[in-house]
Amino acid sequence: MHGDTGDLYRTFAEQEARGNSATYRELAERVAEDGRLCALLDGLPAAKRQPNLLFGAVRHLGGPVAEGWPAFRDWVAAHWDETSATMLERRTQTNEAGRCATLLPLLATLPQPLALIEVGASAGLCLYPDRYRYRYLPADGAGDPVAEFGAAASPVALDCAVSGPVPLPASLRERLPEVVWRAGIDLNPLDVRAEEDVRWLESLVWPEQTHRLDRLRGAVRVARAEPPLLVRGDLNATVRELVARVPAGATPVVFHSAVLAYLPPEAREEFAATVRELPGHWISNEAVSVLPAVARRLPRPAPAGSGLFALARDGRPVAFTGPHGQSLDWFDDAPAAGPGRTSDTRA
Ligand SMILES: C[S@@+](CC[C@H](N)C(=O)[O-])C[C@H]1O[C@@H](n2cnc3c(N)ncnc32)[C@H](O)[C@@H]1O
């Protein structure tokens, strides 16, 4: 074991890659034991030593990740300058359109039409919930879909296993949320029209998860047809200004998934305080420990080691969600759907 970096890679192997990627699990375990590679990684700032960043950079540069440890180790040693430069230049910005399947039931219950503002949007692929197809399946996988609807010709079909009283009313089967405005904020917005950015997004999808790669490519096609407005900036510095640009008559919905973990706790608190004061609604979808105020209101703890996210509307938890949108476990006592905030629209 080699210090903190070794621990980082071993933890990743056990807690994240295990059961999801045999390739990354093996590579991460071997990196953890390799003093030379750990020493190279230690030369980078702490935030740049992450396994996902190293493996994504190697794939982005055309290096071998699926050819076994010796090929990976030798390639990285021979190409460390390019690899480290890519790790310094890029960020882990995985953009997962699948998360729209868990956001959709909440979005559909808000006063329509909607203006979507995603903070930490990456390339903005979660800004198109009205452009995808959905199949909500029983949690045990048996039987017919619970609901199936969406944009019929969409190249993106999202499957989501549901449990609990998810609000999928009959009307939702015919009606998707009506989105009249969509915009995002990111420290480093990725451009769906730029090949290099799309290749980077592809490099971040884990090797065995070919269904996620197909989904990413489909979502990029959707976004290219109508590229989103993405603003470069810190979410705390920019969110007010973007909400102020929402067209009259639309309900502003500020949302985020897999973003606030990148912020220190004080900045998360600052964001939560800001967004509570803004008109419209706030939807958060983050790992359970990321927003303590949401975590404290959970009706039950998430199963240990599950990696589940907590989905919350205006700070009140409504469900656990699979981190890539693959499951939605609605709470029995989730707050009822409907407005619930005083200033719902900017009319
Ligand atoms: C893991 S990605 C998630 C992207 C998208 N929300 C999704 O669910 O697919 C996290 C994104 O948050 C962005 N980000 C992190 N900290 C940020 C900040 N303080 N302000 C704006 N964006 C930030 C990163 O650049 C990255 O694109």
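Start at 1 with the first residue, then count along the sequence. As a basis for the values below, the full set of heavy atoms in this structure was taken, side chains included, without hydrogen atoms, waters or symmetry mates. Counting convention: from 1, in listed order, for ligands and their atoms alike.
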Indicate yes or no: does an N/O atom of N95 lie under 3.5 Å from an N/O atom of ligand 1? yes
Distance-only polar pair, side chains of N285 and T321, donor-acceptor under 3.5 Å: yes
Atom 7 (C) of ligand 1 sits nearest the protein heavy atom R99 NH1, 3.1 Å
Protein residue, atom and distance nearest to atom 13 (C) of ligand 1, heavy-atom basis: D186 OD2, 3.2 Å
Ion pair present between E195 and R224, side-chain N to carboxylate O less than 4.0 angstrom? yes
I want to check something: taking the side chain as every heavy atom from C-beta on, are P189 and V231 in contact at a cut-off of under 4.5 Å? no
When you measure from atom 12 (O) of ligand 1 to every protein heavy atom, which one gives the shortest distance, and what is it? G120 CA, 3.5 Å
For atom 23 (C) of ligand 1, the closest protein heavy atom turns out to be L187 CG, 3.8 Å
At a 4.0 Å threshold, what atoms of ligand 1 neighbour a non-hydrogen atom of D234? 18 (C), 19 (N), 20 (N)
Hey, does the side chain of S154 reach the backbone of R131 with a donor-acceptor pair shorter than 3.5 angstrom? yes
Ligand 1 N/O within reach of N188 N/O, cut-off under 3.5 Å: no
Check ligand 1 against S122 and write out every atom of the ligand that is under 4.0 Å from a heavy-atom position of the residue. 4 (C), 27 (O)
Under 4.5 Å between any side-chain heavy atoms of R90 and L190, yes or no? yes
Under-4.0 Å heavy-atom contact with ligand 1, by part of V119 that carries it: neither
Winner among P323, A267, A258 once heavy atoms are compared against atom 10 (C) of ligand 1: A258
among protein heavy atoms, the one nearest atom 2 (S) of ligand 1 is T94 O, 3.4 Å
Do the non-hydrogen side-chain atoms of Q326 and E96 ever get within less than 4.5 Å of each other? no
Would you say Y262 and ligand 1 have an N/O pair spaced under 3.5 Å apart? no
Could you check whether atom CZ of R25 has more than 12 heavy atoms from other residues, nucleotides or ligands sitting under 6.0 Å from it? yes
Please classify the C126 to ligand 1 contact at 4.0 Å (heavy-atom distances, strictly less than): side chain, backbone, both or neither. side chain
Measuring only between side-chain heavy atoms, which start at C-beta, is L61 closer than 4.5 Å to H79? no
What do you reckon, does G233 put a non-hydrogen atom under 4.0 Å from ligand 1? yes
Any donor and acceptor pair, going by atom type alone, linking the side chain of E148 with main-chain N or O of R133 inside 3.5 Å? no
Counting distance only, does the side-chain N/O of N236 pair as donor-acceptor with the main-chain N or O of A267 below 3.5 Å? yes
Polar contact flag for Q93 and ligand 1 (N/O pairs, less than 3.5 Å): yes
Report the part of H256 in contact with ligand 1, treating N, CA, C, O as backbone and CB onward as side chain, heavy atoms under 4.0 Å; options are side chain, backbone, both, neither. neither
Taking distance alone, with N or O pairs closer than 3.5 Å, would you say I185 contacts ligand 1? no
Quick one, F12 and Q50 - any side-chain contact, counting heavy atoms below 4.5 Å? no
Does the N or O separation between L235 and ligand 1 drop below 3.5 Å for any pair? yes
